[in-house]
Protein chains: 2
Amino acid sequence: MLDVAATAGVSVATVSAVVNGTAPVSSELRGRIENAIAAIGYKRNAIARSLKTGATKTIGLVIADITNPFFTDVVAVIQDVLHRAGYAVMLCCTDEDPVQQEEQISLLLDRMVDGLIIAPAGDDHALERVLQRAGIPTVLIDRISHGIAADAVVLDNQRAVQDAIDYLVGLGHRRIGYISGSLDTSTGLGRLTGYRGALDNAGIPQDDALVRIGNFREKDAYNAAMQLLVMPERPSAIFSANNLMVIGVMKAIRDMGLRCPDDISVSSFDDFPWADVFQPNLTTIAQPVQAIGEHAAQLILDRLANRSDRPPRQIVLSGRLTIRSSCRPFSAADGG
Amino acid sequence: MLDVAATAGVSVATVSAVVNGTAPVSSELRGRIENAIAAIGYKRNAIARSLKTGATKTIGLVIADITNPFFTDVVAVIQDVLHRAGYAVMLCCTDEDPVQQEEQISLLLDRMVDGLIIAPAGDDHALERVLQRAGIPTVLIDRISHGIAADAVVLDNQRAVQDAIDYLVGLGHRRIGYISGSLDTSTGLGRLTGYRGALDNAGIPQDDALVRIGNFREKDAYNAAMQLLVMPERPSAIFSANNLMVIGVMKAIRDMGLRCPDDISVSSFDDFPWADVFQPNLTTIAQPVQAIGEHAAQLILDRLANRSDRPPRQIVLSGRLTIRSSCRPFSAADGG
DNA sequence: TTGTACGCGTTATCAA
DNA sequence: TTGATAACGCGTACAA
């Protein structure tokens with residue numbers, strides 16, 4: 001910028017004024033300056049700018065797993081909206097580990113991101129403290145941590161799972177296995193509550209042996225499903241609380257020499273783009289990824305624009321049960 | 001840092017010395033300073049540091065599509081290695097669009113990333129110029145742009161596709177449809193070359209009508225496959241040049257009332273984690289995503305460490321044909 | 001309308 | 001071993 005000022009024969013203040021359009025400059029000088037900028041190939045140094053303004057125009061995005069199609073869909077939307085608004089986004093993955101989560105957030109905070117969008121891993125109080133000390137706008141997505149008063153966009157998990165289980169019950173299933181996510185998360189909890197609620201509504205007694213923890217991961221879900229499948233009286237249907245886990249469930253079913261939906265019905269949370277071309281066509285709960293991403297981005301943008309300390313907003317969206325062909329009617333006579 | 005120095009009763013230089021361990025400090029002062037740091041809750045400002053040192057400890061990662069499982073797998077590995085080395089990574093998506101690509105790179109450059117890892121979209125000369133002017137370490141992954149002399153890690157695309165087509169030919173297929181990626185990319189080109197080479201080796205005449213451009217996207221591939229399927233003498237097998245496109249191919253097959261592999265065999269580039277649990281079990285070319293990510297991260301780290309202008313290194317890895325059950329033997333008697 | 005000069009939080013150089 | 005001070009590149013009062 002010094003160079004530009006020198007070659008244009010003006011002061012740096014004037015150059016700054018035209019670069020930022022912050023003050024009126026005579027068209028003659030503006031021309032000289034613009035020429036000089038083009039000639040030198042000058043680009044404003046965002047680091048120095050950030051140091052001065054205290055804003056990096058960067059926001060941190062923390063998710064559990066970049067390999068999970070649900071998260072990537074949401075990330076794509078968020079990035080799109082934020083980029084359009086002039087923000088860069090820094091993406092970090094926690095691998096569902098609270099320790100890594102703290103490291104990643106610390107990394108982001110070090111780099112002075114202006115805001116944070118987080119899908120929390122674990123209901124850790126550490127997160128609460130870190131966020132408090134950070135003192136920057138934060139929006140929680142997918143999962144919320146109780147005790148953290150922040151903007152959030154979540155799903156009505158309970159309602160969604162209840163719909164799915166209602167559907168299975170309507171098909172005649174009474175022994176429905178449930179592969180749960182980690183109960184340290186609001187999603188894990190909410191979805192399980194939906195399962196239990198549906199059972200209660202249908203007058204089906206709860207059987208704890210039918211509920212296994214899969215921690216939202218394929219491998220754990222595989223083991224969990226295995227335990228379900230070797231039961232003397234195995235369930236006639238299995239519901240998986242997310243997309244990664246249903247892969248594990250299907251592998252377990254295959255390895256046990258069973259077939260879906262002939263021998264066992266399967267349904268899961270989260271949709272796949274290929275769900276209606278590959279067999280079995282999975283009956284799933286599709287999340288409104290587009291809306292989730294847009295709302296999350298908009299919430300953080302609002303906070304960034306209005307420093308006002310108005311109360312946190314929580315946006316609750318609905319999932320949509322998408323019925324395909326992985327679930328079969330069942331009657332007791334089918335054995336099992 | 002001023003505050004720390006004040007409360008510890010020392011100069012900022014001394015504080016800096018203990019924070020960075022850059023100069024020996026008497027244990028007494030060190031103690032005072034560490035206490036002061038703890039008391040104040042001081043955290044070093046990375047922005048100011050970057051302004052001074054000229055390094056942001058951040059590297060930019062540019063891919064086409066965060067929704068593509070191949071890219072996400074690679075990104076996960078790269079992030080892991082780079083984080084471990086103390087670098088943050090800023091992820092951007094180009095959506096296969098050279099214009100967006102230039103914008104995203106510009107965004108990254110503005111923020112003074114120390115290095116760039118790019119999966120180029122289009123063989124654009126613009127990229128060459130941008131990179132040249134950027135003057136920072138760059139490694140290309142997946143695709144290379146001719147004329148850009150940079151470190152790169154790519155696949156032997158030609159060999160891999162040739163293996164797959166050889167396999168189909170061995171099964172008796174002679175009319176093999178090919179859904180190509182954009183021919184502006186080295187991958188699109190290399191893979192098509194593999195297809196043509198395999199045909200030549202087998203003495204099968206080239207039929208341009210069997211080659212359709214799908215631009216690496218599901219929707220375009222759907223249309224391309226449709227054109228193949230309505231041909232009077234439709235192909236007995238289709239090869240798709242990537243993972244997104246094979247979904248489109250399968251949708252086209254379904255919409256035409258055809259079945260795979262009964263009516264038509266299908267194979268594709270890129271593997272899926274669920275490929276052997278959902279039907280048809282796709283025969284694919286699996287890329288060594290772990291190795292790609294590790295090499296890419298290592299190359300950029302090397303460049304960052306040694307400013308030496310040693311010649312660019314190109315690492316070429318091999319794909320692995322993974323045979324499942326989406327391809328059937330074919331004889332002319334089968335009709336078609 | 002334009003220019004001067006200071007400060008943002010660090011690090012690096014040099015002198016003490 | 002420690003401290004004073006000059007950059008790093010930019011924005012912005014304030015003065016002209």
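Remember, predicted model here, so these are calculated numbers, not experimental data. Order of the sequence lines fixes the chain letters, A, B, ..., with proteins taken first and strands second; residue numbering starts at 1 for each chain.
Donor-acceptor pairing under 3.5 Å is recorded for the side chains of B/Glu128 and B/His125. When only modelled atom types and interatomic distance are considered, A/Thr58 and A/Arg111 share no side-chain donor-acceptor pair under 3.5 Å. B/Gln298 and B/Glu294 share no side-chain donor-acceptor pair at under 3.5 Å.
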Write down the protein N/O and nucleotide N/O pairs, taken from nucleotides 14-16 of chain D, whose separation is under 3.5 Å; answer none if there are no such pairs.
none

Please enumerate all protein N or O atoms sitting under 3.5 Å from an N or O of nucleotides 1-4 of chain D, with distances to 0.1 Å.
unit_1 : atom_1 : unit_2  : atom_2 : d
D/dT2  : OP1    : B/Ser26 : OG     : 2.4
D/dT2  : OP2    : B/Ser26 : N      : 2.6
D/dG3  : OP2    : B/Ser11 : N      : 3.3
D/dG3  : OP2    : B/Thr14 : OG1    : 2.4

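A donor-acceptor distance shorter than 3.5 angstrom exists from the side chain of A/Asp65 to the backbone of A/Thr67, with no hydrogens or angles considered. Of the possible polar contacts, one joining the A/Thr7 side chain to the A/Asp3 backbone as a donor-acceptor pair under 3.5 Å is found.
Look at A/Asp110 and B/Lys57 and you find no salt bridge, because none of the NZ, NE, NH1 or NH2 atoms lies under 4.0 Å from a carboxylate O. A salt bridge links B/Glu96 with B/Arg143: the closest approach of a Lys/Arg side-chain nitrogen to an acidic carboxylate oxygen falls below 4.0 angstrom. For B/Asp151 and B/Arg310, the salt-bridge test fails: no basic side-chain N is under 4.0 Å from an acidic carboxylate O.
When each of B/Val74, B/Val75, B/Val81 is paired with B/Ile78, the side-chain contact (heavy atoms from CB on, under 4.5 Å) condition holds for B/Val74 and for no other.
Against DNA chain C, the stretch residues 41-58 of chain A makes heavy-atom approaches under 4.0 Å through A/Leu51, A/Lys52.
Using a 4.0 Å heavy-atom cutoff across all strands shown, A/Met1 reaches sugar-phosphate atoms only and no base atom.
Under the 4.5 Å side-chain criterion, counting only non-hydrogen atoms from C-beta, B/Leu109 is in contact with B/Leu116. A/Thr185 places a side-chain heavy atom less than 4.5 Å from the side chain of A/Phe216.
Separating the CG atom of B/Leu2 from the C1' atom of D/dT5 is a distance of 13 Å, rounded to the nearest angstrom. Here D/dC10 presents its P atom at 15 Å from CZ of B/Arg111, a figure rounded to the nearest Å. Taking atom CG of residue A/Asn20 and atom C1' of nucleotide C/dT2, one finds them 16 Å apart after rounding to whole Å.
Within the 4.0 Å cut-off from OP1 or OP2 of C/dT11, at least one side-chain nitrogen or oxygen of B/Ser16 is found.
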